[in-house]
Amino acid sequence: MTYPFSTFESKWQDRWRESAAFRADADPARPKYYLLEMFPYPSGRIHMGHVRNYTIGDVLARYRWRRGFNVLHPMGYDAFGQPAENAAIKRGVAPRAWTDSCIEQMEMELRRLGFSYDWSRRVATHTPEYYRWNQWIFLKMFEKGLCYRTHAPVNWCPSCQTTLANEEVIDGKCWRCQIPIERKELEQWFIKITAYAEELLKDLDQLTAWPERVRTMQKNWIGKSEGAEIWFWVQGSGEKIPVFTTRPDTIFGATYVVLAPEHPLVSKLIAGKPQAAQVRAFIEKVRRQSKEERLSEDRPKDGVFTGAYAINPVNQEPIPIWIGDYVLVEYGTGAIMAVPAHDQRDFLFSKAHDLPMRVVIQPPQGTVPLEDDASAWKQAYEEVGTLVSSKQFDDHPSDAAKKEIAAWMESQKMGRRTVQWRLRDWLISRQRYWGTPIPIVYCRSCGTVPVPENQLPVELPGEAPMTGEGGSPLAKVKAFVEIKCPKCQQPARRETDTMATFIDSSWYFLRYCSPRETKLPFRPEEADYWMPVDQYIGGVEHAILHLLYSRFFTKFLRDAGLTKTGEPFQRLLTQGMVLKDGAVMSKSRGNVVDPDELIQKYGADTVRGYVLFAAPPEDELEWNDKAIGGIERFLNRVWALSEKAKPVPASAAAGDLRRKIHRAIKRVTDDLESFKFNTALSALMELSNALQEQTESAAGFREGVETLVQLLYPFAPHLAEEAWQQLGHTDSLTRRTWPTFDPAALKTSEVTLIVQVNGKVRARLTAPADADKAVLEKMALADPNVQKWLNNQPLRQTVVIPNKLVNIVI
RNA sequence: GCCGGGAUGGCGGAAUUGGCAUUCGCGCCGGUCUCAAAAACCGGUGGUCGCAAGGCCGUGUGGGUUCAAGUCCCACUCCCGGCACCA
């Protein structure tokens, strides 16, 4: 017999909604708490990952309300994206209708879990009221020169039929469909996120309440390298080859230069040279290779001599210019200076093509010097050391020489100090229908014209032919494409690509602050009150993509004067995945557990309780169909206790029971502050077990049950509210002040100490709390068990830790 | 290769931050109730030796510090995640 959850869960959900229990309004007089969970893509039904994410958020929101905070806890839908469009292609449903019905279904299921959202702030990114501000922000960026359109090699997913940002390519595959991406040369829109690279990197240091893992991932992704650009002039021509290096200290050891096969200078260098045909054949060969093939490590480094020479600026030495497949055109300057003695890749290349090596760094004194004959080496020496054969820099330590040589070369106009980033500008054009139209018009006489602000939103047409055969569907909608130029009124064409949907989610947390605002994306004064998000919760799969873009957007909007916040998310909790049989739940594996079915069977509180109890929030959660029964039994017992306590008059708890009650308050409170929901529930179970052993006439029985119900509230709010009412209260627990514990109540008059002999537990003794060290030592030595182990041997040392232990060393 | 995280009973996981290893829950074993089963409730449950009292061993491996180590230090193994011919 389970407790009658089905009769009261919906009742409390209705009551919370009718009383607007979780409605939040900006109120500078009250401390705010902005709690946010990553909003879902409306796929139709919620899955266990959603349940876990949103349950964690709900526990914290309810707890914060009860701690007196003004809590902003909104929910919405990240509603643009490919699944809706794919459904349209497959089944002929209009994306908007499909999306709207998915939202409806999802919201019903979310409501059945009793989450404490301020539903009045709901946003959905596919509405013109929302996406017009994507366009508005895009135009602001365009004004500031942060949006540009250019012809570039881009990532193309042949299955999704669209371009992708670098962040959307995982292991050379599309993040959405796992299909290997291709390179294409296309004209596309980019956002200059690299303009914020330095700040995005630097501010990671402020994010001390983010998981180290996420900060490291972002740091790696941004990839800052400090070094120098060095200019090598081509012998007998006016051409300059800039190379980037992080090791200017090795410049005197540069014995050749290597260009990427795609380097723009190649054709000039080989013109009229006998090597020309061979070079062209090599470039053709490289072009035919896939990116993975070319980048796979431990394959021999292939290359070819151009016939041209460059001058090493520091010693005027002519050195050969090669082309090599290990040099990437998209990083640095697409060309390198090769120092085979001190770079492993150059070392391997020089071995393969019999190129000269020169040692310019010797290991620090006291270690074995390098063999003079470098041809016998097995690998390059990449460590620090002392410079040799480097003219005026001889005997300088290599790490200091990095800066000295770079500065000297800058003064001699041989190059400049510079920084390279791995981060690329963000490609945002998508050749898809279901997204925000890019608010740009192309005019024959005026060129690229931004749509004027007063003409926003550029509405997405309700229908477009979607064939799945590629090409932007909007290009086929005449009424959309053909327009008069906003500047000269001559016939012009609209941009027909849509924006990457990651733009939608890059500022939605600001929109929640003023979800119905019509003049601006959000009201600055409201954002100033609510922002930053105090606690953000979501999956670690967004560690780079969404979190990096959101940080960038926030910084841009700050610089545009709309918000004072520079970092959107103060604290970040990345919840672990929900697994079944050791694997992520998926339809194709057939290991999906449907949350809604479980709610029917066990009730929302049990499902919530289980996902909180089964594992710490950051860890993976292995679903166990049997273990959920443990939570069911626990909640049943709480229900039974509240029924038992109903007729019992209040009486003050004392002694042991009082201690257990206050201990539970302390533990649950501490655990909520540090997100240890699993141990918080353990503490509640212990209190419940302790009450179970009491008769209802025991002093403080009612107090114990009432405390249990109060502490259970954030985890199982429906049951707690119902039980609270059963116990004769008329107020809702939602706004009732969180219980506090009395530190004095935690103390006991007697404590059990352990007695160790040589570090092993040999006896236990009961002593008054805070007893004197000498007294405890005496008691311990008098214990018969201890006597037996001491066996009259002389004592060497005795360690006494009051209230804990006595350790006797013999 | 570089960076980040981890390894504790049959299982999920605890351990007041150096002080009784395994809270709590699942599973399993035994019992109560029942014609029976389920549910519920009660008891037990790291390994090993022992009739018992009790002993010995035990937190990935090897060493160290300490009266005392899951926790600190050194060296390693394996697993998970990120980056990577990035110059």
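Naming: A, B, ... by sequence-line order, numbering from 1 per chain. All heavy atoms count here, side chains included; hydrogens, waters and symmetry mates do not.
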For nucleotides 11-15 of chain B, list the nitrogen or oxygen atoms of the protein found under 3.5 Å from its nitrogen or oxygen atoms, one pair per line.
from	atom 1	to	atom 2	distance (Å)
B/rG12	O2'	A/Ala614	O	2.3
B/rG13	O3'	A/Asn678	ND2	3.3
B/rA14	OP1	A/Asn678	ND2	3.0

Does A/Asn689 reach a base, just sugar-phosphate, or nothing at all? Heavy atoms under 4.0 Å. sugar-phosphate
Hunt down the Watson-Crick or G-U wobble partner of B/rA37, both distances under 3.5 Å, from any strand shown, or write none. none
Does B/rG70 have a Watson-Crick or wobble partner in any strand here, with both distances under 3.5 angstrom, and which is it? none
Remember a base hit wins even if backbone is also touched, and classify A/Trp789 as base, sugar-phosphate or nothing at under 4.0 Å, heavy atoms. sugar-phosphate
Under the criterion side-chain hydrogen bond (donor to acceptor under 3.5 Å, both in side chains), which of A/Gln420, A/Arg417, A/Arg416 is the partner of A/Glu229? A/Arg416
Reckon A/Arg762 has a side-chain N or O less than 4.0 Å from the OP1 or OP2 of B/rG55? yes
Across all strands, who's sitting opposite B/rA14 as a Watson-Crick or G-U wobble pair, both distances under 3.5 Å? none
Under the ring pair (Phe, Tyr, Trp, His ring centres under 6.0 Å) rule, collect the residues that match up with A/Tyr549, sequence neighbours excluded. A/Trp426, A/Phe502
Across all strands, who's sitting opposite B/rG30 as a Watson-Crick or G-U wobble pair, both distances under 3.5 Å? B/rC42
Any strand, both distances under 3.5 Å, Watson-Crick or G-U wobble: B/rG4 pairs with B/rC80
5' priority, RNA chain B, between A/Ile631 and A/Ile170 [closest heavy atom]: A/Ile631
Check for me whether A/Arg762 meets the cation-pi criterion with A/Trp789, that is, NZ or CZ under 6.0 Å from the six-membered ring centre and within 45 degrees of the ring axis. yes
For B/rU59, the Watson-Crick or wobble partner whose two distances fall under 3.5 Å: none
Sugar-phosphate only, base, or nothing, as touched by A/Arg213 at under 4.0 Å among non-hydrogen atoms: sugar-phosphate
Would you name the heavy atoms of A/Leu621 and A/Ala614 that are closest together and state the gap between them? CG-CB, 3.9 Å
Under the 6.0 Å and 45° cation-pi test, does A/Lys301 pair with A/Phe349? no
Is a salt bridge present between A/Arg287 and A/Glu262, judged by a nitrogen-to-oxygen distance below 4.0 Å? no
Side chain of A/Arg633, heavy atoms from C-beta onward: which of B/rU23, B/rC57, B/rG27 has the nearest atom to it? B/rG27
The nucleotide from B/rC67, B/rA87, B/rC85 with an atom nearest the side chain of A/Asn807 is B/rC67
Given B/rC67, B/rC83, B/rC20, the nucleotide with the shortest approach to the side chain of A/Trp221: B/rC83
Between A/Gly630 and A/Ile801, name the one whose nearest nucleotide on RNA chain B is closer to the 5' end. A/Ile801
Given B/rU16, B/rA87, B/rC24, identify the nucleotide with an atom nearest to the side chain of A/Lys804. B/rU16
It should be established whether A/Lys760 places a side-chain nitrogen or oxygen under 4.0 Å from OP1 or OP2 of nucleotide B/rC57. yes
Hey, does the side chain of A/His353 reach the backbone of A/Leu348 with a donor-acceptor pair shorter than 3.5 angstrom? no
When all nucleic acid strands are considered with a 4.0 Å heavy-atom cut-off, which category describes A/Arg637: base, sugar-phosphate, or nothing? sugar-phosphate
Can you identify which nucleotide, out of B/rC26, B/rC83, B/rC86, has its nearest atom closest to the A/Lys626 side chain? B/rC26
Answer with base, sugar-phosphate or nothing: what part of the nucleic acid does A/Val799 contact at a heavy-atom distance below 4.0 Å? base
